[in-house]
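For reference, the structure is listed below as structure tokens.
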Amino acid sequence: MKKKIISLLLVAMFLVSLVGCAGAEEPAEEPAVEENVEEPAVEPIKVGVIFTGSIGDGAWNESGYNALVKAKEDLGIEFSFQESVPVAESGEVMRNFAYEGYDLIIAHDFNYNDIVSEVAPEFPDVLFTVSYGYQSTEDNIAAITSSGWHASYMAGVLAAAVSETEIVGVLSATDSFMGKRMRTGFVNGAKSVNPDIEVLEAFTGSWDDVVKGKELVNGMIQQGIDVILSNSGNVNFGVIETAKEAGIMAIGAPSDLSSVAPDTVIASAVTPSGIYVDYGIRQLAEDNFDGGVYVLGIKEGAEDLIWNPAFEAEFSAEVIDTVNAAKLQLSNGEIEEPVVE
Amino acid sequence: MSSFDSSLSRRILRMRILVTGLAVVVAFLLGSALVALAGINPLTALRYLFSGALGTRHGIGETLTRFIPLFLATLSFAIAMKVHFYNVGIEGQIALGSLGALLVGVYVTGLPAPIHILLCLTASVVFGILWLSVAGFLRFRFGANELLTTVMLNYIAIYLIDILVETVLKDPNSLINQSQKIAATAKLPRIMEGTTVHLGLVFAAIVGFIVYYYVWRTPGGFELRAVGANSKAAKYAGINPAKLIIIGMIISGGLAGLGGGLNLLGYQSRWVSGTFLGYGFDGIGAAVMGQYHPLGMAFSALLFAIIRVGGGAMQRSVGVPYPLVHALQGIVIIAVIISAYFIEKRTEKMTKGGQ
Amino acid sequence: MDSQFMIIIGILLGSTIRYTVPILYAALGGLITEKAGVLNFALEGLMLAGAFFAYYGNLVTGSILVGVLCALAAGALTGLILSISILKYKASQLVMGIGINIFYLGLTGYFFRIIGSSGAETMVDDLLGSIHIPLLEDIPLIGVLFEQNILVYLLVVLVIFTARFFNKTTIGLNLKAVGENPYAAAAVGVDVIKNRTLAIVVGSMLAALGGGVMTLTMARVFLENMVNGRGWIAFTAIILGRYSSKGVLIGCLVFGAATALSDIVQIVGIDIPYQAALMVPYIITIVALVLSVGGGNAPAALGARYDRE
């Protein structure tokens, strides 16, 4: 027994020393890498990003992540990120990024806004953006946002225009100020076409419980909906699957989901969050960063309704025109903002 | 004779620490294999894990801040285990404790700071106890298995608080679904400049000591342990097990609630809808690893805090996906619980050898 | 009104079945383990593992059968680890369960992120199709019971078989014996360790298959933490069902129906916070637990450590 313990201990010591060696070797390696780079290029911009969930959510976070990858290619930035950061503990992650020498910290969710307001004054030389943020309390905070309801309004218009049962549905994961705006926009859009239309709403309470999402939508289908707007992250894939099985139409959100089920998804109410990420990085890259609230809209591509080409060809001109007319009105600011209590 | 005993118990203690340490090393090796699967050099990743959590002043501060609720969760679980009450509902009791501190912290104003803080903490302890009492009541009145009721109560607690925070407790000045911040007089002061470490660390240390003293050094604590070890024998000795289980339960719920309260007053300052920090579940793992002894649990809670904080650093530096943190914690728990067998065997041998 | 009522009953029935099936697999797995005297706290983690590996096997090979086998293999392997640690190394059953649960929550999430992108590329091509039983499927209202997939029919067989298994077969009786009094069983020559290992491994395989059902028949993707507490519900159902397979079936149906009901509350637009609807199943489970207590009927040696003399 004693021998066993001693031999195990030796193995452990060996491993620890390996870790130690690796630790010691690393700095020696780094200059060698630098030597290979001939020209002493300008220090690349370092961007640190905080996500609420996984970058593979096929929705909000993924769009933000893709924008980072693109900015790396186009603008030569360096980036890193941390996933699944609860709002309550996000301040520490921001501080970590700041201490680690990042130039720009992107808090990729509006729920981080208040924490950013707390942390930003501690680091006047670091810039912060809040995706879909709503307030900027410091010069180094840019809250980059959009109306939050234009895309879903168009989705509502489309849903009402194609619905035969006059009942449509919307499925969300959790409720928030952002979600309320989105849903109210959808309802208003639908009512603008057909004042008698009924809109059913449900929540999964989780961004992961895909089975629950399916059941809720299935229930709504039994209640007579023939169009569903699904804005619940990864749960969307289950929702669209259910719509496909039942032969009803689906509208995806917030990414273009036509490719997931080309015969089911008629269009997508896209609000690509990558636009917010990209906007902040570009401002910094062009040495043009100013604090404040920036509202992007249909014109900047922050909100849109993207057709599934197959359905765009199939729908009557009337449907297409109704949606396009709404889009024009929205971008001209002719439609009243929904009242969210 | 007694000097011989103490040298033996010291040798046993050394062996326990050694074997447990080995188990942790083995667990980290397995975790490293997972990191390697992602195509990342595990040695680099491990280096960032430790340097992120312990390498800077800020990192140390973050680790110690996380340590506070974790440590209280371990104490809570351990006390309940001593009386064979399976409190898997620490997560919910922490949440309710936070709620208690939040209510008093936000809506009671005009008190001097120390009194306000004490009042908040009292509320968190009471809320923690009350939430656990639901499970306790169901067990004593109906014989419902507390393990299951406490698990269900976790889910209910989280939903309940979210409903409150999105309705009556919602901060009217914010668009976010969150409560107001607690009053300045309810905030626990920071004790390490440039970090988030707060006075809760001192509270946690004191509470840890009191728990140790009560359980191992007082007659009441002896009775508690006696019930845990053998309730039939305890009955013969004139100890009322039901009474002691209730005492253990109250302490357990109170400690969990206190953990939530301290974290809220010292760190969170408010409740944001959808908050799920997982200290309750991690605390159970850490309690096992610490073998239900306050000192052991202080170390294991610290290790779990290091893994949490270092896990973030690993992702920021070399892109290790964050869920590795849970996988690694799971492996640590399993390795340590298996190592307990070797400790037991070895202890037997050493004691026999001594005689 | 009448037709609306019928529609709601229809939703309830279909939904209840789909919510019940994964839990029932896990609960049956747990039941087999517990009949042999070992508490299986790892159901939640086993379901997650099954869900992920079934999905992954199906994704890589495009074969649902491979998916099923992967889930079973993950269950068997985890079962072996559980057996060795609990039976040989005397690890606490509760703690092993919690360790496994935390481990798989992390591992499946970690693997899912490692395998990369999301969206259409990570969706499996096919779900397990339904088998329609002619004539029976046309019965109004309950016709839905006869258009299920093979794993649902298999489950029905399993429930019936499990009931017979513990009362009529030698292996079943041996398992029960080691669960009631391992020392007495050992005295008459029943190998306690071997029987318990068998029960843990088979039980874990069933639990993993319960998770697999979710990704093989319901969702074309795996999502982190998609099991969302169902393993714990399954664990509760065993106690609710007083350790009989018929009782477990009823216990799982109670939970399935409660969840389906909470969905209806949302869909028909009853104006309460949605979290209140989401709480319903957990509250009903507690209530059911309280009401069902009394008989207990747990195996006498359940959860106790067994030391071979």
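Convention: sequence-line order gives letters A, B, ...; per-chain numbering from 1.
- Judged by a 6.0 Å distance limit and a 45° cone about the ring axis, R139(B) is not positioned over the six-membered ring of Y86(B).
- Annotation: maximal heavy-atom pairing with chain B below 4.5 Å, among L278(C), T285(C), I81(C), occurs at L278(C).
- Both the backbone and the side chain of I283(C) come within contact range of chain B, each with at least one heavy atom under 4.5 Å from a heavy atom of that chain.
- Surrounding CZ of F255(C) are more than 12 heavy atoms belonging to other residues, nucleotides or ligands, all under 6.0 Å away.
- The contact between I100(C) and chain B is made by backbone and side chain atoms together, counting heavy-atom distances below 4.5 Å.
- The choice from G330(B), G285(B), A135(B) that makes the most heavy-atom pairs within less than 4.5 Å of chain C is G330(B).
- Within the 4.5 angstrom heavy-atom criterion, atoms from both the backbone and the side chain of T236(C) approach chain B.
- A distance below 6.0 Å separates the ring centres of F342(B) and Y89(C).
- V272(B) pairs with exactly one of V165(B), I176(B), D171(B) by the side-chain contact (heavy atoms from CB on, under 4.5 Å) rule, that one being I176(B).
- Not one N or O on the side chain of N87(B) forms a donor-acceptor pair closer than 3.5 Å with the backbone of F77(B).
- Per-residue counts of heavy-atom pairs under 4.5 Å with chain C were compared for I333(B), V288(B), I163(B); the largest is that of I163(B).
- Residue contact with chain B, scored on non-hydrogen atoms closer than 4.5 Å, involves the backbone and the side chain of L107(C) alike.
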